[in-house]
Amino acid sequence: MVVIPGDGIGPEIVEQTLRVLEAAQKGAAFSLDLEFHSAGAGEHRRTGRALSEETFEACKRANAVLKGPVGDPAVRAPDGTEAGVLGGILRTGLDAYANVRPIRLYPGVASALSGLAPGAIDYVVMRENTEGLYASRGRGFVSPEATLDFMLMTRRGVERIARKAFELARTRQGAPKDGVRRVTCVDKANVLRGFAYFRQIFLEVAKGYPDIQPECRHADATAASLVQDPGRFDVLVTENFLGDLLSDLGGGTIGGLGMCPSGNLGDERAYFEPVHGSAPDIAGQDRANPIAMVLSAAMMLHWLGEAAAASRIQEAASRALSAGAIRLFPDGTVRDGTVAAGRAISGEL
Ligand code: NAD
């Protein structure tokens, strides 16, 4: 497996995650073969490229990739966008079209929403990863007077992400509030043709899954419902940019971005990373919450067929939180430090 420590808090949280993975391997019937590669803003500063050909080939060859967050707002391309981020290269390059972002309220974590019991928020944002508005990255029209970015939807792209969402819903227990297995298509079909097309194809795909309840909602109203009534959601499927936004909103309701893992899944390749970025504001201070990174590694083990080890890691993180061995400040940083949090989870294992 390829490991990319990343920038900012990346190396700190990856170190704790490797500690947890080591503990998870003790006595287990599998072992991970780690291959470290540098990529991101630091790599761009050193070499002029965020991802070398060699690292990209290693990612293609690997059974899985564990990636820390990357990026440095000071490392920019001439068009003003950041040059040290990898999403545009890895997601399309590995055809990792499904960005699976679980949003779950763990025991011991105070939600920014009052009066919620652990488990009251438990949904997954299934974000399309290779098309939508971000397909315009580096390709939009720019002039001194105006700019234009486009939003790409293809039948193949929408069909496969919709299918992935329904398949995922089949493996889950439904929404926490009513136990209904439900896939919510989130769009702005009332305004943009592209979203109307997305919705139409979603409804076509839904016919193949009569056991799952399909529904369509506008993204603006959904943002409000994710705050006011999060328990009614099970799986949400949406376009690239909207998925990016709404999953971070979800993170704000479950203890912060440091609680949000993700997997970028293709049919053959996948890579795993926290939802959050490199958090330069807290880097090097032993304050970053490593749980998103640790749970991303658990998702990776699941992908690799080690579901039991993946569950053991999730349960260990859950126990460390509920026992108070890991405590979060309201801003999402860890009270006792990143290293102590990593030790608490590996200790539980
Ligand atoms: P960010 O996610 O890095 O940080 C947003 C806020 O959340 C900050 O206050 C930060 O301190 C906090 N935060 C993030 N992760 C945390 C954690 N594990 N524990 C506690 N607090 C945490 O977003 P940003 O500030 O918009 O971006 C910073 C850099 O990260 C940029 O260069 C951006 O391009 C990059 N980025 C990378 C990825 C990625 O690698 N997948 C994703 C998003 C942003």
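The residues of the chain are indexed from 1 along the displayed sequence. Counting starts at 1 for both ligands and their atoms, following the listed order. We use all heavy atoms of the structure for the numbers below, so side chains are in, but hydrogens, waters and symmetry mates are not.
Set against the non-hydrogen atoms of Pro69, the atoms of ligand 1 under 4.0 Å away are 40 (O). Within ligand 1, the atoms closer than 4.0 Å to a non-hydrogen atom of Asp72 are 32 (O), numbered from 1 in the order shown. Those atoms of ligand 1 with a heavy atom of Gly71 less than 4.0 angstrom away are 32 (O). Those atoms of ligand 1 that come under 4.0 Å of a heavy atom in Pro73, given as number and element, are 32 (O). Interface of Glu82 with ligand 1, defined as ligand atoms under 4.0 Å from a residue heavy atom, comprises 31 (C), 32 (O), 33 (C), 34 (O). Below 4.0 Å from some heavy atom of Ile9 lie the following atoms of ligand 1, by number and element: 15 (N), 18 (N). Listed by number with element, the atoms of ligand 1 under 4.0 Å from a non-hydrogen atom of Val85 are 34 (O). Residue Val275 has at least one heavy-atom neighbour below 4.0 Å for each of these atoms of ligand 1: 42 (C).
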Evaluation steps, side-chain contact (heavy atoms from CB on, under 4.5 Å), between Arg217 and Ser225: CA-CA 10 Å; Arg217 291 185 150 226; Ser225 298; 3.0 Å; yes
Intermediate values then yes/no, side-chain hydrogen bond (donor to acceptor under 3.5 Å, both in side chains), Glu215 and Thr184: CA-CA 5 Å; Glu215 68 169 4; Thr184 307; 2.7 Å; yes
Audit row: Glu15, Thr17, side-chain hydrogen bond (donor to acceptor under 3.5 Å, both in side chains) steps and yes/no: CA-CA 5 Å; Glu15 190 184 335; Thr17 301; over 6 Å; no
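Cation-pi geometry between Arg160 and Tyr97 is satisfied (NZ or CZ under 6.0 Å from the ring centre, within 45° of the ring normal). With Tyr106 as the aromatic partner, Arg104 meets the cation-pi criteria of under 6.0 angstrom to the ring centre and within 45 degrees of the ring axis.
Heavy-atom separations between Met293 and ligand 1 are all 4.0 Å or longer. Within the structure, ligand 1 lacks Ala292 among the residues with a heavy atom less than 4.0 angstrom away. The closest approach between any non-hydrogen atom of Pro280 and ligand 1 is below 4.0 Å. By the 4.0 Å heavy-atom criterion, Gly256 is excluded from the residues contacting ligand 1. In this structure, Ile291 does not count as a contact residue of ligand 1, since none of its heavy atoms falls inside 4.0 Å of the ligand.
Side-chain atoms of Thr130 and Glu128 include a donor-acceptor pair closer than 3.5 Å. Of the N and O atoms on the side chains of Glu239 and Tyr134, not one donor lies less than 3.5 Å from an acceptor on the other residue. A side-chain donor-acceptor contact under 3.5 Å links Glu273 and Asn264. In this structure, a donor-acceptor pair under 3.5 Å is absent between the side chains of Arg127 and Ser262. In summary, the side chains of Gln16 and Glu12 do not present any donor paired with an acceptor at a separation below 3.5 Å, with no hydrogens or angles considered. With hydrogens and angles left out, the side-chain atoms of Glu43 and Ser52 include no donor and acceptor closer than 3.5 Å. Counted by atom type alone, Asp149 and Ser136 present one or more donor-acceptor pairs between their side chains at under 3.5 Å.
Every N/O-N/O distance between Arg287 and ligand 1 stays at or above 3.5 Å. Not a single N or O atom of Arg91, backbone or side chain, sits closer than 3.5 Å to an N or O atom of ligand 1. Geometrically, ligand 1 and Gly258 share no nitrogen or oxygen pair separated by less than 3.5 Å.
Here the protein heavy atom with the shortest distance to atom 13 (N) of ligand 1 is Ala279 CB, 4.0 Å. Shortest contact from atom 15 (N) of ligand 1 to any protein heavy atom: His276 CG, 3.1 Å. Among protein heavy atoms, atom 30 (O) of ligand 1 sits closest to Ser278 N, 3.0 Å. Considering only non-hydrogen protein atoms, atom 20 (C) of ligand 1 sits nearest to Gly332 O, 3.4 Å. Protein heavy atom at the shortest distance from atom 41 (N) of ligand 1 is Glu273 OE1, 3.3 Å. The protein heavy atom nearest to atom 40 (O) of ligand 1 is Val70 N, 2.9 Å. Nearest non-hydrogen protein atom to atom 27 (O) of ligand 1 is Gly277 CA, 4.7 Å.
With hydrogens and angles ignored, the 3.5 Å screen pairs a side-chain donor or acceptor of Asn289 with a backbone N or O of Gly258.
The presence of a protein heavy atom under 4.0 Å from atom 24 (P) of ligand 1 is ruled out. Protein heavy atoms are found less than 4.0 angstrom from atom 18 (N) of ligand 1.
Looking at Leu257, Thr338, Ile282 and measuring to atom 21 (N) of ligand 1, the nearest heavy atom belongs to Ile282. When the heavy atoms of Val334, Asn289, Asp281, Asn264 are ranked by distance to atom 11 (O) of ligand 1, first place goes to Asp281.
Phe166 has its ring centre less than 6.0 Å from the ring centre of Phe202.
Between Arg182 and Asp178, at least one side-chain N (NZ, or NE/NH1/NH2) sits under 4.0 Å from a carboxylate O, which counts as a salt bridge.
Other residues, nucleotides and ligands place no more than 12 heavy atoms under 6.0 Å from the CD atom of Glu54.
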